[in-house]
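Residue numbers start at 1 and run along the sequence shown. Both backbone and side-chain heavy atoms feed into the values below; hydrogens, waters and symmetry mates do not.
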Amino acid sequence: EYVVNGAVFKGPCNGWDKTFEMRGVIKAPIDPKIFCNEYWILFKYIDGLKIKGHGTFDGQGACAWGKHQCAILPFTVGFYFMNNFIVHDIHSINSKGVHINIFSCSYGYFRHIKISAPDESPNTDGIRIGNSNNIRIVDSNIGTGDDCIAMVAGSQSINITRVTCGPGHGISIGSLGKLTNNDVVKDIHIKNCTLINTQNGVRIKTWALSMNGMATNIAFEDIIMIKSSNPIIIDQQYCPSGNCKKQGSLVQVKDVTYKNIRGSSSSKVAVIFNCSASRPCKGIIFKDIDLVYNGPATSSYCEHAIGKAIGIQLPPSCLI
């Protein structure tokens, strides 16, 4: 075990074959003075990097969760302005903030990643992707106190396969439209994933009062839900503080496919499409949905959602 106060590994670096090998446990300091920094460990401006090693990053986050007033708590590991990189067999536990933060990267491949934090740990997204393209996440386990995977503005061509999520808030696109105009997330494919006891399942969220934006060409396929609340949800009235007025979101959600999603819901309303009146969700495809509830049959709720349903529909589709 080693304590590291913080580190930046900054390129460019000569040569193509660059490997960062991690063993043992690297611990973040508990000292509150560092809590308000953006990052703990950061890799940036490096092409062709491979990170491996079965090591563990321990953010020692319990000392910070809900105890210090910071605009932002540090993420554990960040990848900024990286191209053609591979990360595998790395563990992250108890991050103070986001576990893995990916920003302005291209062609990143993550496999056999294990992330864990208690379900009550706030704002501890497992993997957060922004302004990045061609990112793959496969064969990984994520359980934390916020989104297992969050794809925010600028996420394009993202593939997530064979990821187990839980606890957490599910796999999310957004939130979109709060701070910048023309937020776009597109070309997202999530397949063969399992969500266990999550607060949400597969979710798209945009702010109630939003700027222009778009979420399009998104597919959720072969997903298993085990006692997930809100297994399928589009929320265009996202307002975590609860004090927002109902507004017509200006983020357009379109061309979203849900195929072969099955399992159990811990809430009676298993499908919620709370779309914008000013820009209704359109091009929604439902094919073979089978979600049961321990009690009365599940139901669905739609507002301003346009699409079609094919095959098994449990609960019955409410698309128009």
Side-chain angles (χ1 to χ4, degrees), residues 66 69 71-73 97-98 122-126 128-131 144-156 158 168-186 188 190 195 198-218 220 228-258 265-284 286 299-307 315 317-320:
Q69 300 300 314
I72 187 171
L73 287 168
V98 173
N123 302 313
T124 53
D125 290 350
R128 190 174 191 268
I129 305 168
N131 198 35
T144 186
D146 209 299
D147 294 331
C148 290
I149 300 173
M151 290 154 279
V152 300
S155 298
Q156 300 184 24
I158 311 296
H169 293 183
I171 297 176
S172 293
I173 293 168
S175 54
L176 301 176
K178 182 180 182 182
L179 299 176
T180 58
N181 204 19
N182 296 319
D183 283 353
V184 175
V185 173
K186 67 178 183 178
I188 310 297
I190 298 164
L195 294 95
T198 52
Q199 188 180 99
N200 300 284
V202 290
R203 174 170 61 158
I204 299 172
K205 53 181 177 175
T206 74
W207 285 86
L209 180 59
S210 77
M211 298 184 184
N212 289 301
M214 182 177 294
T216 184
N217 195 20
I218 298 161
F220 302 101
S228 291
S229 184
N230 306 319
I232 297 173
I233 179 169
I234 297 176
D235 182 6
Q236 294 208 260
Q237 296 293 328
Y238 180 66
C239 179
S241 66
N243 61 357
C244 304
K245 293 181 180 179
K246 191 169 183 177
Q247 302 282 342
S249 174
L250 297 180
V251 177
Q252 177 68 70
V253 177
K254 67 174 186 175
D255 300 331
V256 184
T257 298
Y258 300 88
S265 170
S266 62
S267 53
K268 187 177 185 300
V269 184
V271 176
I272 299 173
F273 289 148
N274 187 11
C275 297
S276 170
S278 58
R279 298 199 179 166
C281 301
K282 59 184 180 180
I284 308 297
F286 251 33
S299 62
S300 57
Y301 168 82
C302 292
E303 191 169 310
H304 311 298
I306 303 167
S317 172
C318 57
L319 293 168
I320 58 174

Asn131 backbone acceptor or donor facing Gln156 side chain under 3.5 Å: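 No: the side chain of Gln156 does not pair with the backbone of Asn131.
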List the residues meeting ring pair (Phe, Tyr, Trp, His ring centres under 6.0 Å) with Tyr238, not counting sequence neighbours, and say none if there are none.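 If we apply the ring pair (Phe, Tyr, Trp, His ring centres under 6.0 Å) test to Tyr238, skipping adjacent residues, the hits are Trp207.
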Determine yes or no for a side-chain-to-main-chain donor-acceptor pair under 3.5 angstrom, with Ser276 supplying the side chain and Ser249 the backbone.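 Yes, Ser276 side chain to Ser249 backbone: donor-acceptor pair under 3.5 Å.
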Restricting to non-hydrogen atoms, name the atom on Val152 and the atom on Leu176 that form the minimum distance, rounded to 0.1 Å.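 What the structure gives for the nearest pair is C-CD2, 4.2 Å.
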Do any N or O atoms from the side chain of Ser155 and from the backbone of Val185 form a donor-acceptor pair under 3.5 angstrom?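 Side chain of Ser155 to backbone of Val185, a donor-acceptor pair under 3.5 Å: no, none is there.
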Distance (rounded to the nearest 0.5 Å) between Glu303 CD and Ile320 CD1: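 Nearest 0.5 Å value for the CD-CD1 distance: 10.5 Å.
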To check you understand the geometry: which heavy-atom pair defines the closest contact between Asn200 and His169, and what is its length?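 Distance-wise, the nearest heavy atoms are CB-O, 3.2 Å.
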Could you tell me whether the side chain of Ser300 and the main chain of Val271 form a donor-acceptor pair under 3.5 Å?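 Between the backbone of Val271 and the side chain of Ser300 there is no qualifying donor-acceptor contact (under 3.5 Å).
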Which heavy atom of Lys178 sits nearest to which heavy atom of Met211, and what is that distance?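 Looks like O-CE, 4.2 Å.
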Is it true that a side-chain atom of Gln236 and a backbone atom of Val251 form a donor plus acceptor pair closer than 3.5 Å?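 Flag set: sc Gln236 to bb Val251 pair under 3.5 Å.
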Look only at the side chain of Thr206 and the backbone of Gly177, and say whether a donor-acceptor pair between them is shorter than 3.5 Å.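 No, because the side chain of Thr206 does not come within donor-acceptor range (under 3.5 Å) of the backbone of Gly177.
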How many angstroms lie between CD1 in Ile173 and OG in Ser175, if you round to the nearest 0.5 Å?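 So the CD1 of Ile173 and the OG of Ser175 are separated by 12.0 Å.
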Backbone N or O of Lys186 within a donor-acceptor pair of the Asn217 side chain at under 3.5 Å?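 Between the backbone of Lys186 and the side chain of Asn217 there is no qualifying donor-acceptor contact (under 3.5 Å).
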Check the surroundings of atom CZ in Arg128: do more than 12 heavy atoms from other residues, nucleotides or ligands lie under 6.0 Å from it?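 Atom CZ in Arg128 is not crowded, with 12 or fewer foreign heavy atoms closer than 6.0 Å.
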Gap separating the SG atom of Cys281 from the CD atom of Gln252, nearest 0.5 angstrom: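 CD of Gln252 is found 7.5 Å from SG of Cys281.
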Sequence neighbours excluded - salt bridge (charged side-chain N to carboxylate O under 4.0 Å, His left out) pairs with any residue from residues 203-212: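 Of all non-adjacent pairs touching residues 203-212, those that pass salt bridge (charged side-chain N to carboxylate O under 4.0 Å, His left out) are Asp147-Arg203, Asp147-Lys205.
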Please give me the minimum heavy-atom distance between Ile204 and Ala215, naming the atom from each residue.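 Heavy atoms of Ile204 and Ala215 come nearest at CG2-CB, 4.5 Å.
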Spatial distance of atom OG (Ser229) from atom CG (Leu195) [nearest 0.5 Å]: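 With rounding to 0.5 Å, OG (Ser229) is 12.0 Å from CG (Leu195).
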Taking all non-hydrogen atoms of both residues into account, name the closest pair between Ala277 and His304 and its distance.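 The pair with the smallest heavy-atom distance is CB-NE2, 3.5 Å.
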Show your reasoning for whether side-chain contact (heavy atoms from CB on, under 4.5 Å) applies to Asp255 and Met214. CA-CA 11 Å; Asp255 300 331; Met214 182 177 294; over 6 Å; no
Minimum heavy-atom separation for Gly145 to Thr124, with atom names?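 Residues Gly145 and Thr124, closest heavy atoms: N-OG1, 3.2 Å.
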Please report whether the SG atoms of Cys275 and Cys302 are separated by less than 2.5 angstrom.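 Unbridged: Cys302 and Cys275.
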Does the pair Asp235 and Asn230 meet the rule for a side-chain contact (heavy atoms from CB on, under 4.5 Å), with working shown? CA-CA 11 Å; Asp235 182 6; Asn230 306 319; over 6 Å; no
Partners meeting ring pair (Phe, Tyr, Trp, His ring centres under 6.0 Å) with Phe273 (sequence neighbours left out):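 Counting only residues at least two positions away or on another chain, Phe273 forms a ring pair (Phe, Tyr, Trp, His ring centres under 6.0 Å) with Tyr258, Phe286.
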Point-to-point distance, once rounded to the nearest 0.5 Å, from CG of Asp146 to CG of Asn123: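 Spacing of CG (Asp146) from CG (Asn123) equals 5.5 Å.
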Backbone of Gly168 reached by a side-chain donor or acceptor of Thr198 within 3.5 Å: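 The answer is no, because no donor-acceptor pair under 3.5 Å joins these two groups.
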What distance do Ile190 atom CD1 and Ile171 atom CD1 have between them, rounded to the nearest 0.5 Å?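 It is 5.5 Å, given to the nearest 0.5 Å.
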